[in-house]
Amino acid sequence: MTAPEGGGDAARDALSRSPRGVGAPLRRKEDARFLHGRGRYVGDIRPAGTLEVAFLRSPVAHARLLGVQKPANGLVFTAADLTEIAPIRANSALPGFRPSDQPALASGKLRHVGEPIAACVAASRAEAEDLAAACVLDYQALPAIADMLAARAPGSALIHEHWPDNAFLETRRDEDLADLDAIAAAKVRRRLRTARQSMAPLEGRGVLAEWDPRLEQLIVTTAAQMPHVTKTGLAECLGLDEGQVRVVAPDVGGGFGYKGILLPEELVCAALAMRLGRPVRWLEDRLEQLTANANCREHFYDVTAWADAKGKLLGVAVDATVDAGAYSAYPFSACLEAAQIGSIFPGPYVLPRFRFHTVSACTNKPPILPYRGVARTGVCYAMETTLDALARQLGISAQAIRAANLVPPTAMPYRNLVGKVFDSGDYPEALRRAVAAVDVAAVRARQAAGETVGFGLSVFCEQGAHGTSVYHGWGIPFVPGFEQAQARFTPDGVLELRVGLHSHGQGLETTLAQVAHEILGVDPARVRLVHGDTALTPYSTGTWGSRAMVMAGGAVAEACRLLGERALAIGAALLQAPVEGCSLRAGAIHHGEAQVTLDQVARTWFRSPQNLPANVDRGGLDVTAGYRPDPDTGTHSYAAHAVVARVDTETGNVTLEQYVIVEDGGVLVNPMIVDGQVLGGAAQGIGTALYEEMPFDTEAQPLAGTLADYLLPGATEVPDIRIEHMETPSPWTRFGQKGIGESGAIGPPGAIVNAINDALAPLGAEVLDLPATPARVLAALARAGRA
Amino acid sequence: MKPAPFAYARPDDWPAALALLAEGARPVAGGQSLGPMLNLRLALPERVADLRHLPGYAGVTVQGETVRIGAGTTHAAIEDGAVPGRLGDILAGVARRIAYRPVRNRGTIGGSLAHADPAADWVAVLPALPGHAVALGPAGERRIPLAAFVLGVFETALRGDELLCAIELTALPAGTRFGHWKFCRKPGEFSKATACVLARPGAPPTAVLAALDAAPLVIADAAALLAEPAAEAARIAAALALDDPWRAALARTALRRAAEAAR
């Protein structure tokens with residue numbers, strides 16, 4: 001039962017290898033309800049007397065709001081009516097950060113299309129929308145800032161008028177690289193853009209707010225992946241103490257970062273429930289999700305890289321701008337993406353010299369929110385396409401230039417020049433396996449025969465489960481600390497686990513039961529996970545940053561270990577044997593041939609206390625334990641993606657013929673769930689690479705209002721993806737596991753565009769911007785004089 | 001995204017349907033276009049007349065060489081072989097590429113043609129076929145050649161007091177060749193270019209180029225296109241003078257590939 005605390009190979013070797021324990025491809029406990037349509041989401045919950053809200057939203061990107069004329073009849077609330085709501089303020093302690101106040105309902109100014117102006121309340125959503133349609137807005141249009149690079153042009157309209165210019169934050173690392181021109185064998189410069197996207201979980205946001213007069217408590221049922229952080233934000237903005245707020249997140253249909261955000265709509269529904277004494281609900285529709293809320297990803301890079309003749313990087317300079325939108329969203333702030341670019345740009349490579357400058361630009365678009373992979377997807381795209389440009393200039397292969405620069409396994413743990421610490425792994429081996437999984441020679445033969453087909457690679461690492469030491473410096477509204485889990489037996493021996501983070505598709509009901517089985521030998525079918533309710537669970541910053549399996553997995557393991565010690569003492573007494581002579585395995589306390597089950601131990605504590613030993617631990621069979629890896633700088637999973645893509649040079653269309661992922665997530669708690677995570681992430685990465693784009697016109701009007709205009713890859717667009725696993729344990733986590741949740745979404749744009757550019761190279765064409773739509777591919781060919 | 005209030009009527013016979021139309025009701029068949037437009041409040045009718053229960057609205061009847069497809073016949077029915085013979089093969093091939101099966105289960109050939117979305121599949125194919133749209137008005141039935149039915153974006157030859165009640169097509173001999181090509185990046189996306197070429201024994205070949213944000217381009221005699229697909233497709237597409245070079249390339253490619261498939 002006892003396993004080493006410290007992770008690494010020893011932790012892996014100590015695993016029970018039980019078919020229900022850590023490492024087993026156990027079928028998901030939660031799938032019975034999900035697959036039968038019996039999940040219960042916010043949209044399924046509607047208490048009697050519920051009022052529905054529709055929001056009157058800004059039709060323009062930038063304007064002075066002069067007034068709202070309400071319809072004669074009906075409940076319509078503006079900012080002037082709901083003065084009890086303080087604006088959302090997501091500060092950062094990074095030097096120079098300019099905070100923005102995001103009002104729950106706009107007052108004074110309108111700063112992006114879709115910004116909520118008034119809450120219209122009625123018995124049904126349709127009637128609430130009728131009220132919104134009957135409102136008349138009076139506003140004076142201001143020049144809209146639609147482009148992040150133009151945002152800081154002299155004379156630009158100011159979005160926050162007390163700021164000197166339209167930027168939340170700049171960061172920089174200065175290093176003079178001018179001497180590299182003289183010694184480098186190759187130098188490339190690329191200007192690259194990634195599109196603004198909208199996260200598109202199957203379930204949109206939704207919130208049901210109720211005031212419980214008995215408890216004097218606000219109960220907010222909301223589609224949340226970070227319920228405790230949402231609770232803090234609600235309490236702060238509503239002027240309540242945290243005891244007066246309970247956040248309940250029922251089943252959540254995909255989050256990807258979007259559902260960690262405190263939304264103005266949540267605050268308004270909460271305030272209305274308190275005002276009206278009725279349950280108040282808002283369910284986001286697809287138009288709101290696409291155009292007003294779930295925005296993410298938009299980056300610009302100006303990259304210069306120098307390499308020697310063998311492809312070894314001599315230095316990189318990057319000037320990056322992120323379109324952060326109009327407000328700093330709670331809790332991750334407006335600078336999470338841009339300010340990370342400096343620290344993650346070197347990727348999995350040994351980079352000797354590095355200069356960066358980043359800008360979090362403020363524009364008249366919805367706030368940028370963290371999306372699976374966060375800044376890494378853009379960074380990986382910029383680094384990997386730049387490496388291929390260098391390789392083409394040097395006349396070496398994409399594999400060779402990566403092999404020349406990847407951090408070698410002998411250097412692990414490796415600290416790079418900006419202080420990132422990689423825990424473990426064999427990055428070159430992942431590259432080698434990914435290349436070996438594709439018949440590259442066949443691709444070259446087809447190219448020689450004139451086919452526009454190409455081979456592309458990307459390699460990256462993903463920091464996950466990074467904790468206090470990383471986040472305290474950001475100074476955003478939360479800092480992850482010790483993750484806590486509660487483990488306790490019911491009187492009949494069912495094991496209840498309570499954790500403060502939430503599952504929005506990760507399968508935690510299964511994987512945490514596997515962890516409990518690993519430690520206590522209990523049947524996973526007799527383990528119940530209680531999560532998604534701040535009233536029932538210990539505080540947690542929630543499920544984000546690929547942290548759940550490392551942090552909650554570690555905490556559950558520790559709580560179960562301590563619970564096992566308590567049970568062992570009671571069991572030994574029942575066996576009339578010394579504790580030292582007893583052991584806990586397979587769900588029972590053993591002494592020689594004799595045993596008592598954990599069920600019997602639980603029954604004794606609760607229902608036959610007369611049989612307990614006199615010196616029993618009075619804490620009983622109920623333990624809360626905390627966990628944090630040491631060091632807590634994060635695990636680094638990593639992967640190599642290899643792609644074969646065919647380009648139709650007449651239409652610009654790209655077909656993915658082969659897709660291979662070699663992934664190292666350390667010890668996999670449930671390999672089947674990891675495969676699902678990697679596949680789902682890769683599908684989203686394919687969306688970033690080829691399909692997803694929220695275009696804006698020059699007035700910052702979003703132009704894709706439905707899923708017929710905003711293209712998501714579906715079953716017919718995602719190829720069969722082959723996954724190979726490596727399993728290098730993290731030396732720092734409980735079982736050697738690593739965070740893996742975001743990885744799949746990081747690699748595809750780099751690998752796919754590299755494959756496209758490999759196909760186009762004989763024509764002298766190169767795609768620079770994402771997504772690589774047919775129109776962009778044809779434009780690249782036209783620039784090269786080939787279309 | 002909930003519709004504004006509207007009244008719903010379900011006429012049981014054609015005179016009642018025409019009377020509702022005269023009163024300003026908006027006809028709806030499968031609702032696959034009007035439904036989203038109502039939800040987005042892009043369409044704000046006071047009353048909707050649901051045509052699906054009209055006698056003879058759905059179904060296929062054959063009389064001699066004439067195949068009459070009720071306007072309310074679903075794409076799915078056509079996909080599943082409701083139309084016999086070579087004509088049925090061709091129509092089934094077009095139908096099975098319309099969006100997704102759930103859309104095809106409800107969407108109708110007549111609803112789609114009457115809606116006249118320039119990117120719609122039937123708008124791009126029916127003008128190439130010998131036949132008529134059958135309009136029913138207060139004075140009775142009127143036959144409009146399919147090549148002249150769609151006049152522009154969401155604009156047809158139907159008069160305000162007429163309903164499209166059927167499509168009448170001439171059966172096609174077994175040796176008829178048909179090429180059809182459309183550009184969608186995924187099922188369900190609006191086509192960015194669709195072309196078809198029909199070559200039947202004993203008659204000049206016909207072609208249609210559609211999804212142009214305009215009425216479909218109907219080529220009554222496509223012999224030159226069939227003979228020299230690349231050059232002729234390039235000439236026809238260039239003559240359209242499309243602003244967007246990508247759309248121009250797609251138009252050219254659609255026409256050429258459809259012609260090559262019909263050879």
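Because the structure is predicted, anything quoted here is derived from the model rather than measured. We name chains A, B, ... by the order of the sequence lines, and we start the count at 1 in each one.
- With a 4.5 Å cut-off on non-hydrogen atoms, R286(A) touches chain B through its backbone and its side chain both.
- Distance CG/L40(B) to OG1/T706(A): 7.5 Å, rounded to 0.5 Å.
- Taking each heavy atom of P3(B) and A126(A) in turn, the nearest pair found is O-CB, 4.1 Å.
- Minimum heavy-atom separation, W181(B) to T651(A): CH2-CG2, 3.7 Å.
- Sparse packing is recorded around CD of E46(B), with 12 or fewer heavy atoms of other residues, nucleotides or ligands lying under 6.0 Å away.
- With a 6.0 Å radius and a threshold of 12 heavy atoms from other residues, nucleotides or ligands, L202(A) has its CG atom at or below the threshold.
- Taking each heavy atom of P187(B) and E717(A) in turn, the nearest pair found is CD-OE2, 3.2 Å.
- The shortest non-hydrogen separation linking A133(A) to R41(B) is CB-NH1, 4.1 Å.
- By the 6.0 Å contact criterion, CD on E657(A) is enclosed, its count of non-hydrogen atoms from other residues, nucleotides or ligands being greater than 12.
- Rounding to the nearest 0.5 Å places CG of L711(A) at 6.0 Å from NZ of K186(B).
- Remark: L287(A) CG to N39(B) CG distance equals 11.0 Å, nearest 0.5 Å.
- One finds the NZ atom of K2(B) at 8.0 Å from the CG atom of L283(A) (value rounded to the nearest 0.5 Å).
- At a 4.5 Å heavy-atom cutoff, the contact between R257(B) and chain A is made by side-chain atoms alone.
- The 12-atom threshold is not exceeded at CD of E228(B), counting heavy atoms of other residues, nucleotides or ligands nearer than 6.0 Å.
- For P36(B), no part lies under 4.5 angstrom from a heavy atom of chain A.
- Heavy atoms of L690(A) lying under 4.5 Å from chain B belong to its backbone as well as its side chain.
- The nearest pair of heavy atoms linking A4(B) to D130(A) is CA-OD1, 3.9 Å.
- Other residues, nucleotides and ligands place more than 12 heavy atoms under 6.0 Å from the CZ atom of F154(B).
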